[in-house]
Amino acid sequence: MSAPKPRGPAQGAEARAAAAEALGAVLAGQGNLKSQLERAFAARTTLSEVDRRFATQLAFGTARMALRLLPLLDSALKHPLKPRDQDLRALMLGTLYQIHWLGAAAPLCVNGAVDATRTLNKPWASKLVNAVLRKFPANLLAESLAKQSPAEQSGLPPWWYAAWAKAWGPDLETLIEASNSEPPLTLRVDGDRDTLLKTFQDAGISATAGALSARAIYLPEGGSPASLPGFSTGAFTVQDEGAQLITELLELAPGQHVLDACAAPGGKASALLAACPDLSLTAIDPVPHRVARLKDTLARTAGSAALGQSKVVVYCADARLAGPWQENAPFDRILVDAPCSGSGILRRQPDIRLLRTPEELAKLCALQLALLKALFPLLRPGGRLVYCTCSVMPEEGEGVVTAFLRSEPTAHARPLPERFGLLRGPGRQRLPTAAGPDGFFYAALEKEGAA
């Protein structure tokens, strides 16, 4: 199950081209890396599974280090590349990434990039790519990267680095290291964890139990979840250990009316049902294709029959707006896994650093506060709302919750155990670790009055 080693540069031109097309689209502001990779794979139907894994590894690895490499690459270009040629820019970035971080031989990598220009249907660019990349022998590339400042070596935009330096100080270096690492594959087991661990062991798959959640399993060598024993029968769901802790905060009980207000793609909704099957669960999300994924997840993990039962209902709806999804209100429990910057899962979505802006962060905070204000009135007196984000930006965690508590006199924050992370205002913040959970902020808000 280990990640594939880079193939010979003269081989895999299609895979290199797919990675360059996907990352080039991100650089051109045309979407996120995952969706662009799916698009590139759909257009290149002859790619093998090995090629796809290599292209994914190359695209994601290059995205992690793109902001370190871009100044070097762009300084070597006599003229900026046109927007339609960002795939060539991504191709050269990927080659530099291979040379420095994967230890591939520079001459062979350059030849591989030249081959890929033809696969991209841009043979005119072969001389340009060759000339630019040959300016970067391995030793010179290493020296140039070593001369970068700590902020530049972080691979973060300047505004992002400054925000983390201010917020996390002594933890900054560890935070950056974890955010630039390749993440483990983490599973949530809905049955007996020891049994599944033995199943993996018998299949020669390296796996270890998580320390924070009794349901967590780590596969440090990664792999395709769909190829693992037990996937098709719903024995597990891909879910970070930090996300698994959220279910505990809700303190579920049979018969409760529960709302999952930002439910797609379904990992947390399925976790609620696994923890307490006798819930009346309402799950909503405002994006149609994400609702489809939510239904697929619930059908696979909770059983397709569950979606036909009145106790589990799914709506495509915006939690800020009134609608039929409110028919089970007031709710005993509300989960708000709010849309956020994703800064706590940067290692899993490295292209976020190329997409996020300070202005977007401010808009996300406004959305998060609006969700709390819209949903808290739907909570039964004595009920609990759990707010969480996969972010390590303080304004998205303690900032939003503190602002909400100031505006809502019937709400108060419940103290959380230390294992949920650092105490930050009315909640706790868990920072990502290289071999452990992602970064999350957690807060549990209760409404005054008897249940």
Side-chain angles (χ1 to χ4, degrees), residues 63-68 145 148-184 186 210-212 240-246 249 337-369 386-405 413 415-444:
R64 288 189 186 96
M65 298 302 157
L67 291 179
R68 294 193 64 184
L145 291 168
Q148 291 179 332
S149 68
E152 292 170 326
Q153 290 184 0
S154 73
L156 300 171
W159 70 270
W160 192 323
Y161 178 85
W164 275 8
K166 179 180 179 181
W168 303 114
D171 297 310
L172 178 62
E173 186 175 340
T174 302
L175 174 57
I176 291 173
E177 181 182 358
S179 298
N180 286 337
S181 65
E182 290 196 22
T186 313
L212 297 174
D240 181 75
E241 188 174 20
Q244 294 179 35
L245 297 178
I246 294 168
L249 292 180
D337 179 17
C340 68
S341 65
S343 53
I345 56 171
L346 187 60
R347 59 184 183 170
R348 298 190 188 277
Q349 299 181 19
D351 54 313
I352 288 174
R353 72 191 75 210
L354 303 172
L355 302 172
R356 294 286 184 261
T357 65
E359 294 77 18
E360 185 179 9
L361 181 61
K363 290 179 181 179
L364 285 166
C365 291
L367 170 60
Q368 293 151 5
L369 183 57
V386 169
Y387 173 84
C388 60
T389 64
C390 53
S391 172
V392 291
M393 295 292 190
E395 50 266 65
E396 293 186 280
E398 59 187 287
V400 165
V401 177
T402 298
F404 172 72
L405 290 173
L416 303 182
E418 289 186 11
R419 67 193 187 90
F420 282 85
L422 304 169
L423 183 64
R424 298 291 293 208
R428 286 191 178 269
Q429 177 74 63
R430 175 162 289 283
L431 299 179
T433 56
D438 293 333
F440 273 92
F441 176 83
Y442 312 89

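The shortest distance between side-chain heavy atoms of P150 and Y161 falls below 4.5 Å. Under the 4.5 Å side-chain criterion, counting only non-hydrogen atoms from C-beta, Y442 is not in contact with Y387.
No side-chain donor-acceptor contact under 3.5 Å links R347 to the backbone of S179. A side-chain donor-acceptor contact under 3.5 Å links E241 to the backbone of A211. At least one donor-acceptor pair closer than 3.5 Å links the side chain of R428 to the backbone N or O of P417. Without hydrogens or angle criteria, E396 side chain to S341 main chain gives a donor-acceptor distance under 3.5 Å. Within the 3.5 Å criterion, the main-chain N or O of G399 finds no donor-acceptor partner in the side chain of T402. Remark: side-chain polar atoms of R424 are not paired, donor with acceptor, to backbone N or O of G397 under 3.5 angstrom. Using modelled atom types, one side-chain atom of R68 and one backbone atom of L145 make a donor-acceptor pair closer than 3.5 Å. Here the side chain of T389 pairs no donor or acceptor atom with the backbone of C340 at under 3.5 angstrom. Q429 places no side-chain N or O within donor-acceptor distance of the main-chain N or O of L423, the cut-off being under 3.5 Å.
A salt bridge does not link D438 with R430: none of the charged nitrogens is closer than 4.0 Å to a carboxylate oxygen. The existence of a salt bridge linking D240 and R348 is confirmed by a sub-4.0 Å separation between a basic side-chain nitrogen and an acidic carboxylate oxygen.
In this pair, W160 and W164 present their aromatic rings perpendicular. The plane angle is above 60°, beyond the 30 to 60° band.
The shortest non-hydrogen separation linking P339 to Q368 is O-NE2, 2.9 Å. Of all the heavy atoms in V392 and P432, the pair that sits closest is CG1-CD, 3.9 Å.
Within a 6.0 Å sphere centred on CD of E173, heavy atoms belonging to other residues, nucleotides or ligands number 12 at most.
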